[in-house]
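Letters go in sequence order (proteins before strands), and every chain restarts at 1.
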2 protein chains.
Amino acid sequence: MLEFKKTAPLAQIGMMHQLSAPHWAQLEPGFTTLRECTAGEVISERGQPLDHSLLLVDGIVGRRIKVGRKQGARHHLVALQVPGDFVDLHAYPLKVLDHDIVAITDVQMAVISHERVKSVIDDQPEFTRQLWSLTLVDAAIHRHWALRNGTMRALQRVANLFAELITRMDAGGAAVTGSYALNLSQPHIGDACGLSGVHINRVLRTLREANCCTYVKGELVVQDRAALNLIAEFDPDYLYLPGS
Amino acid sequence: MLEFKKTAPLAQIGMMHQLSAPHWAQLEPGFTTLRECTAGEVISERGQPLDHSLLLVDGIVGRRIKVGRKQGARHHLVALQVPGDFVDLHAYPLKVLDHDIVAITDVQMAVISHERVKSVIDDQPEFTRQLWSLTLVDAAIHRHWALRNGTMRALQRVANLFAELITRMDAGGAAVTGSYALNLSQPHIGDACGLSGVHINRVLRTLREANCCTYVKGELVVQDRAALNLIAEFDPDYLYLPGS
DNA sequence: CCTGCGTCTTAACAAATATTAACATCGAAA
DNA sequence: TTTCGATGTTAATATTTGTTAAGACGCAGG
């Protein structure tokens, strides 16, 4: 783990836009170090007590759960976090996590100690509620993942995952280019959707041949976003984005 | 909706055991009314602003999400709550829910206003964190549902759901009898597991013929809990039960 | 008592997806 | 450059699950 002394203030990106400027101004100085991890690295491990939380600045991280004892254990991705997500804020009230957090791509994260969080919000119930809400948006996303894996067929699942991820990546307000660096391997997508890597390959070909979107080398290029949202039956309400 | 003036104090059941006695003592008087719903009734509807939350006293309620526009819309159960669960405490910070809450069986719930919650916890950051944690256990359960629907085949899914539900129902400390009144129809179970009702029927027969458990008329009788946990590859860590 | 409705049960068949295997492609390391 | 390993691609086949349909069963209302 590399840690650098912070040299410049963090920008308020992605989901952090849900915080008011004054609240952000109070929280931001608490991010005193930067942590960088390389793809595949386990950022924090299930069961290990945590005294800090992480704000994702760049890259993609996943929450991974192991199912089955010892050998033959399979992994499954139950969440993906994009830049601007407060990755494990829920470790603040819970103290211990029930899942691993892994770097899917090379990532940069800003670190804040729970002690610091506590001193900032303890006498500010409204601020506390806002952070609480942030963790509940993650819960809503989890519900949607259960929904996706429970009700949708393969094509729709993948389209829906893509629709969710790009909507969340756009949430920061950066220009919408139609191109997204997900950097997920096909088996990664399979893990997230409960499908085999081979089947992901078939689905990606179908999406490509439908002139909907193209996924090459971790880069998602969306040619027809309306078509993608239609296939995905995508309704972003569950993301609790401002102005919906 | 029937509402009664409360006549006797509520007992601290199920998940509410996670609160300390003094905290419970402060919260309990806030539950001033009882609400009863009959099976199938929608308790609160997606998108509707809420000014109160509900503690489930008796029966089973589900969180249900509709997928697809207008006609041809399918439903999916993304969570089930058992007695002792603070069903929609997350409505306190979020104000609005992204899903419906429906009564699966006839249910009794205790109502507490958000105003009351606020006045009790606003100057008690530690108490706030405990309630925050309660909502995050729900999030952990959602993650597990995504995992279940994503990685497991039908038999294991159903066994795992059963294992989860009975573990949570036992959490209150009541005597473990091996018999549980789930009162879910087979299509309900299918909704929760992302399987057809017909296939649930096949799975239930398999579980019965394996002398593992029997599900008749909404009553789950567990003959061999070890076998059930084995089939389910069940590991209750994610429930954050005390003493694990 | 019958009737009708909902749920359960089962079977036959169709569709979706997993598995396996073989080969291609690309980039990194020797 | 060459080789190696990881990832992507495709096809053949096996398995799982969905769909449809039909009958059984139980229960509430006439």
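Atom CD in Q156(A) sits roughly 14 Å away from atom C1' in dA16(C) (whole-Å rounding). Rounded to whole Å, atom P of dA24(C) lies 18 Å from atom CD of Q186(A). Between N201(B) atom CG and dG6(C) atom P there is a gap of 19 Å when expressed in whole angstrom units. Straight-line distance from the CD1 atom of I189(A) to the P atom of dG8(D): 8 Å, rounded to whole Å. Taking atom CG of residue L155(B) and atom C1' of nucleotide dT15(D), one finds them 15 Å apart after rounding to whole Å. The nearest whole Å value for the distance from the CD atom in E219(A) to the C1' atom in dC26(C) is 17 Å. The interatomic distance linking I200(B) (CD1) with dT7(C) (P) rounds to 15 Å, in whole Å. Following rounding to the nearest Å, M152(B) (CE) and dT15(D) (C1') show an atom-to-atom distance of 19 Å.
Side-chain atoms of R63(A) never come within 3.5 Å of backbone atoms of H99(A) as a donor-acceptor pair (strictly under, hydrogens ignored). Under the 3.5 Å distance criterion, the side-chain polar atoms of H144(B) are left unmatched by any main-chain donor or acceptor of I141(B). A side-chain donor-acceptor contact under 3.5 Å links N160(A) to the backbone of A232(A). With hydrogens and angles ignored, the 3.5 Å screen pairs no side-chain donor or acceptor of D191(B) with any backbone N or O of H76(B).
Donor-acceptor pairing under 3.5 Å, judged by distance alone, is absent between the side chain of R153(A) and the base of dA15(C).
The residue S196(A) sits close to a base: some heavy atom pair falls under 4.0 Å. Within the nucleic acid shown, L195(B) comes within 4.0 Å of sugar-phosphate atoms alone, with no base atom in reach, counting heavy atoms only. Residue G194(A) is in sugar-phosphate contact alone, with no base atom involved, counting any heavy-atom pair closer than 4.0 Å across all strands shown.
When each of H199(A) and K217(A) is assigned the nucleotide of DNA chain C bearing its nearest heavy atom, the one mapping closer to the 5' terminus is H199(A). Summary of the strand contacts: G218(B) and V198(B) both lie near DNA chain C, and taking for each the nucleotide with the nearest heavy atom, the more 5' one is attributed to G218(B).
For S185(B), whose side chain is taken as the heavy atoms from C-beta onward, the closest listed nucleotide among dT17(D), dC8(C), dA12(D) is dC8(C). Here the nucleotide nearest the side chain of R205(B), chosen from dT17(D), dT10(D), dT10(C), is dT10(C). Comparing atom distances between the R202(B) side chain and each of dG18(D), dT10(D), dT20(D) picks out dG18(D) as nearest.
Here D85(A) pairs with M15(A), Q81(A), V82(A), R168(A) under the side chain to side chain contact (heavy atoms under 4.5 Å, CB included) rule; sequence neighbours left out.
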